[in-house]
Amino acid sequence: DKGGWSSFMAKEITEQPDAVGNTIRGRVVDGAVEIPELTELGDDRLREIDRIIIIACGTASYAGMIGAYAIEQWARIPVEVQLSHEFRYRDPILTDGTLLISVSQSGETMDTLMAVKYAIERGVTTVSVCNTQSATIPRESDAAVYTHAGPEVAVASTKAFVAQITALYLIGLHLGRVRGTLAADAQASAVAALDALPAQVAEAVDTHEQIAQLAHWMADTRSVLFLGRHVGYPTALEGALKLKEIAYIHAEGFAAGELKHGPIALIDHGQPVFVLVPSPRTAPVMHSKVVSNIQEIRARGARVIAIVEKGDTSVLPYADDVIRIPLTDTLFEPLLQVIPLQWFALELSTAKGLDVDQPRNLAKSVTVE
Ligand code: M6R
């Protein structure tokens, strides 16, 4: 049931406030994050961790990349993110202090399952972030931290992605608390950001009308670039993946700082570029660097579509379109910024007359290696 929407993807985009809210529910107790499934692993075990490897594919891997920033910041554990299908082939260094976190909406992705099994065979503790109750990966893992996004039908992942980021943040906050690395003020501000999140996600969903108009003039676009810095970088990768997947448009995401190391050569007159602009309040240095990037690409003819926090007027002289999202902390920006990018892919797919929910050549769950 599409609930009155023209596609499951559209319905699932609008369900994101609940996906986030339901993933948080019951896991914040007296202003602190507590995930019972992690508590069961034993606090001593959690204190021994000296390295985390996140494994996932596709959109889940971008959630993993975003989660890595938060876990490192709050729990002060080095985190690396590896694509599941690359993991085994590099003879990974796995020690007693390694924790492997897999991220998978379906819990059945064969590449990810094989990586989890590889780690289990070598005695590594495994945690599964999964959206599907009792799927294979969470059953095989030592602990399962479920996302509660509800069933996701569209091949293009949307609500599962925001729920995955949320779950990884909760894991970071839990680990930070148990390990004593999470300062009281950092915990308070993260919990406040989590509290505000469902309503803010709903506001970001309301960018639909603006994005639909934007997509209208861009129906013939053959290439779109996405730029971001810090957590905006994996968000840019996700925006590009959505567009490839359902609108069959060539798209690439870049770390904004990488522009001058090559990609800026792609910028030609009229090239559309989405830029994820970090908050000037919480990340002033990154903000000013991204604004400089906007000036550089604009000077070379780019059509700039800037996603900024409300009240940030710094890009107005250089951006062709400005999309505004609510104010939050830097780490939480991807959960809001990604939503207009999801709408954009959906609207371009629709404008091209494509099947939004069932893109060619793709399956919802990839159960072969
Ligand atoms: O079920 P999983 O989360 O393990 O799936 C991983 C990827 O196949 C998946 O995220 C894929 O990239 C989506 N179609 C993206 O929209």
Side-chain angles (χ1 to χ4, degrees), residues 7-13 15-16 19 23 53-67 81-87 100-117 119 126-141 144-168 226 234-249 251-253 334 338-339 341-346 348-349 354-369:
S7 64
F8 280 106
M9 183 180 176
K11 174 173 176 264
E12 288 161 4
I13 290 174
E15 287 170 348
Q16 292 180 109
T23 300
I53 304 175
I54 297 179
I55 54 155
C57 303
T59 288
S61 78
Y62 302 142
M65 286 171 73
I66 292 167
V81 184
Q82 294 191 24
L83 293 167
S84 314
H85 38 84
E86 290 287 326
F87 175 66
L100 184 121
I101 303 178
S102 66
V103 185
S104 174
Q105 187 285 131
S106 61
E108 302 294 347
T109 298
M110 189 55 77
D111 289 318
T112 305
L113 175 61
M114 295 313 282
V116 170
K117 284 188 166 165
T126 54
V127 172
S128 155
V129 172
C130 183
N131 195 48
T132 311
Q133 289 287 328
S134 308
T136 310
I137 296 171
R139 274 195 282 112
E140 295 277 339
S141 305
V145 178
Y146 283 103
T147 49
H148 298 292
E152 193 179 63
V153 177
V155 165
S157 184
T158 55
K159 62 177 181 172
F161 176 69
V162 294
Q164 284 160 350
I165 299 170
T166 305
L168 289 166
F226 296 82
T235 312
L237 296 175
E238 170 62 3
L241 179 62
K242 286 284 94 76
L243 207 53
K244 293 178 221 186
E245 238 185 334
I246 61 165
Y248 315 155
I249 291 173
E252 278 195 73
V338 75
I339 296 170
L341 305 185
Q342 297 166 344
W343 280 131
F344 182 69
L346 179 140
L348 275 196
S349 174
L354 302 174
D355 184 338
V356 171
D357 290 333
Q358 294 287 342
R360 67 184 178 199
N361 309 337
L362 290 170
K364 178 64 184 161
S365 160
V366 184
T367 52
V368 291
E369 273 191 278

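Residue numbers start at 1 and run along the sequence shown. We count ligands from 1, going down the list as the structure has it; atoms in each ligand are counted the same way.
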For this session: I would like to know whether Ser157 and Glu152 meet side chain to side chain donor-acceptor pair (under 3.5 Å); could you show each step before the answer?
Result: CA-CA 7 Å; Ser157 184; Glu152 193 179 63; 3.1 Å; yes
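Of the possible polar contacts, one joining the Asp357 side chain to the Met9 backbone as a donor-acceptor pair under 3.5 Å is found. Listed for the Ser349 side chain is no donor-acceptor partner under 3.5 Å among the backbone atoms of Asp355. No donor-acceptor pair closer than 3.5 Å links the side chain of Thr367 to the backbone N or O of Thr109. No donor-acceptor pair closer than 3.5 Å links the side chain of Tyr248 to the backbone N or O of Leu354.
Applying the side chain to side chain donor-acceptor pair (under 3.5 Å) test between Gln342 and each of Glu238, Lys159, Lys242, Gln16 identifies Gln16 as the sole match.
Within 4.0 Å of ligand 1, heavy atoms belong to protein residues Cys57, Gly58, Thr59, Ala60, Ser104, Gln105, Ser106, Thr109, Val155, Ala156, Ser157, Leu241, Lys242, Glu245.
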